[in-house]
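Contents: one structure, followed by commentary.
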Amino acid sequence: MKRVLVGFDGSEGAENALNKAMMIIDDDGDLILLAIVPSPSDRNLLDAKTHEIIKLRAHALINDVIRDLGAHSFTINGLVKEGEDIAAVIIDVANELSCDLIVLGSKGSSTLGKYPIGSVANKVVQYAAKPVMVVR
């Protein structure tokens, strides 16, 4: 796999997905870690200050993981995006970046939002035009 997108929120499921993605990516591939923070809305009652804290936490999480992974033959990049529909954001980013594969954890709860990972993975599997790997 040349370009692999990993939905990453710091959960155990996301860690497992990252480990699997690192095993299957090409030596000269591009591994993309994507964290998504919920957009402020009336539905999630997120105020501007809390939203900024969550966004900063997401950036720190991605940067820390990339630093901890160290050097590899493939490149590792991180992205933090916002959105109300987490699955839709994952699918949109995978399409925009022409990813060959989306890798997600099968369960766990996001430390960045209130979305159960399993429901997000199910929706991505159902609607993505790209191949999706769900890791237990």
Once rounded to the nearest 0.5 Å, what's the spacing between atom [atom1] of [X] and atom [atom2] of [Y]?
X: Glu84; Y: Ser39; atom1: CD; atom2: OG; answer: 6.0 Å
X: Ile62; Y: Ile76; atom1: CD1; atom2: CD1; answer: 11.0 Å
X: Ile54; Y: Lys49; atom1: CD1; atom2: NZ; answer: 12.5 Å
X: Asn19; Y: Glu15; atom1: CG; atom2: CD; answer: 6.5 Å

Do [X] and [Y] come within less than 4.5 Å of each other through their side chains, counting heavy atoms only?
X: Leu101; Y: Ile24; answer: yes
X: Leu79; Y: Ile32; answer: yes
X: Leu31; Y: Thr75; answer: no
X: Val135; Y: Val103; answer: yes
X: Lys123; Y: Asp85; answer: yes
X: Thr50; Y: Asp47; answer: yes
X: Met22; Y: Val6; answer: no
X: Asn16; Y: Arg136; answer: no

**Message:** Whether the Asn122 and Ser119 side chains hold a donor-acceptor pair (N or O, under 3.5 Å, no angle test) is what I'd like checked.
**Reply:** no
For residues 90-99, which side-chain donor-acceptor pairs fall under 3.5 Å, sequence neighbours excluded?
from	atom 1	to	atom 2	distance (Å)
Asn95	ND2	Ile91	O	3.3

How close do [X] and [Y] get, heavy atom to heavy atom, and via which atoms?
X: Met1; Y: Ile25; value: O-CG1, 3.4 Å
X: Ala14; Y: Gly7; value: CB-O, 3.9 Å
X: Glu82; Y: Pro40; value: OE1-CD, 4.3 Å
X: Gly105; Y: Ala17; value: N-CB, 3.6 Å

**Asked** Does Lys2 offer a backbone N or O that forms a donor-acceptor pair with the side chain of Asp100 under 3.5 Å?
**Response** yes
**Message:** Whether the side chain of Asp26 engages the backbone of Asp28 through a donor-acceptor N/O pair (distance < 3.5 Å, no angle test) should be reported.
**Reply:** no
Test of understanding: clusters of I, L, V, M, F, W, Y form through side-chain heavy atoms closer than 4.5 Å, transitively. Do [X] and [Y] belong to the same one?
X: Ile66; Y: Leu61; answer: yes
X: Leu56; Y: Phe8; answer: no
X: Leu69; Y: Val4; answer: yes

**Crowding at NZ, Lys130 (>12 non-hydrogen neighbours, <6.0 Å)** = yes
**Item:** Stepwise side chain to side chain contact (heavy atoms under 4.5 Å, CB included) check, Leu34 with Lys81
**Value:** CA-CA 7 Å; Leu34 173 64; Lys81 296 283 187 175; 3.7 Å; yes
**Message:** For a salt bridge (charged side-chain N to carboxylate O under 4.0 Å, His left out) check, start with the C-alpha distance between Lys55 and Glu52, then their side-chain angles and the critical distance, and finish with the verdict.
**Reply:** CA-CA 5 Å; Lys55 215 158 88 172; Glu52 275 307 306; 3.5 Å; yes
